[in-house]
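Presented below is the structure to which this report refers.
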Amino acid sequence: MRYQRVQKDFATFLLYVLGFFLLWEWLRPVEELTDTSNIIVFLVFLVLSLLLAFFGVSPVMSSIIKVIYILYELPLVLRKNYSNFQFNHSSNLEPKKEIPS
């Protein structure tokens with residue numbers, strides 16, 4: 001199967017931009033319904049995906065770039081979300097106790 005190139009004109013670019021705003025509107029409730037404070041990570045991934053599709057990057061190269069982005073951002077997101085928790089001996093998550101000065 002041959003990969004079909006995407007047409008690169010202003011109308012196509014406008015459709016990608018409008019698609020971005022539509023998907024962004026769908027992501028906004030996720031930030032409020034869940035405890036996701038890193039919505040920018042999802043937006044950057046969305047922009048990256050749409051740009052790769054607009055410029056007609058091959059599916060294999062596009063997948064590699066996306067996997068690299070995910071593997072780079074995942075530890076950063078998890079570190080931020082779980083920075084207030086630590087594992088104890090019973091393998092339960094408990095909030096860190098601050099030591100008074």
Side-chain angles (χ1 to χ4, degrees):
M1 268 182 11
R2 299 198 79 211
Y3 179 67
Q4 201 171 20
R5 293 276 175 183
V6 178
Q7 186 179 357
K8 297 178 192 168
D9 59 355
F10 181 73
T12 305
F13 181 74
L14 185 62
L15 285 175
Y16 276 90
V17 170
L18 293 174
F20 167 76
F21 285 119
L22 179 65
L23 291 170
W24 187 9
E25 282 295 320
W26 290 342
L27 280 175
R28 284 185 184 185
V30 172
E31 187 175 17
E32 294 179 21
L33 294 174
T34 64
D35 195 20
T36 307
S37 60
N38 298 321
I39 201 74
I40 190 72
V41 173
F42 298 106
L43 291 177
V44 170
F45 183 78
L46 182 60
V47 168
L48 177 68
S49 299
L50 290 173
L51 284 176
L52 290 172
F54 178 74
F55 289 117
V57 177
S58 70
V60 173
M61 185 58 105
S62 176
S63 298
I64 291 171
I65 292 170
K66 291 174 190 176
V67 166
I68 289 172
Y69 177 78
I70 291 170
L71 292 176
Y72 174 75
E73 286 293 334
L74 190 62
L76 298 175
V77 169
L78 291 178
R79 188 177 312 132
K80 289 177 185 174
N81 286 344
Y82 294 115
S83 63
N84 292 333
F85 293 93
Q86 65 183 1
F87 288 101
N88 64 7
H89 296 296
S90 63
S91 298
N92 292 329
L93 287 175
E94 293 181 1
K96 288 183 182 178
K97 295 177 183 172
E98 294 187 23
I99 300 171
S101 307

**OP:** Check side-chain contact (heavy atoms from CB on, under 4.5 Å) between I39 and all other residues, then give those that pass, not counting sequence neighbours.
**Re:** L27, E31, F42

Original post:
Quick one: do L43 and L22 end up in the same hydrophobic cluster if we chain Ile, Leu, Val, Met, Phe, Trp and Tyr together by side-chain heavy atoms under 4.5 Å apart?
Top reply: yes

**OP:** Return the set of residues passing side-chain hydrogen bond (donor to acceptor under 3.5 Å, both in side chains) with E25 (not counting sequence neighbours), or none when no residue passes.
**Re:** R28

**OP:** Is it possible for you to say whether L52 and I68 belong to one hydrophobic cluster, with membership spreading through side-chain heavy-atom contacts below 4.5 Å?
**Re:** no

**OP:** Without swapping roles, check the side chain of D9 against the backbone of T12 for a donor-acceptor pair under 3.5 Å.
**Re:** yes

Subject >> Distance, nearest 0.5 Å, that separates OG of S49 from CZ of F20 >> reply: 11.0 Å

**OP:** Check whether L50 and L15 end up in the same hydrophobic cluster, where Ile, Leu, Val, Met, Phe, Trp and Tyr are linked by side-chain heavy atoms less than 4.5 Å apart.
**Re:** no

Original post:
Atom OH of Y69 and atom CZ of F45: how far apart are they, to the nearest 0.5 Å?
Top reply: 8.0 Å

Original post:
Got a sec, which residues hit side-chain contact (heavy atoms from CB on, under 4.5 Å) with L23, two or more places apart in sequence or on another chain?
Top reply: W26, L46

List the atom pairs, with distances to 0.1 Å, where a side-chain N or O of residues 59-67 and a protein N or O form a donor-acceptor pair under 3.5 Å, not counting sequence neighbours.
residue	atom	partner	partner atom	Å
S63	OG	P59	O	2.8

Original post:
What residues, two or more places apart in sequence or in another chain, satisfy side-chain contact (heavy atoms from CB on, under 4.5 Å) together with F21?
Top reply: V17, W24

Original post:
How about L51 and L48: do any of their side-chain heavy atoms sit closer than 4.5 Å?
Top reply: no

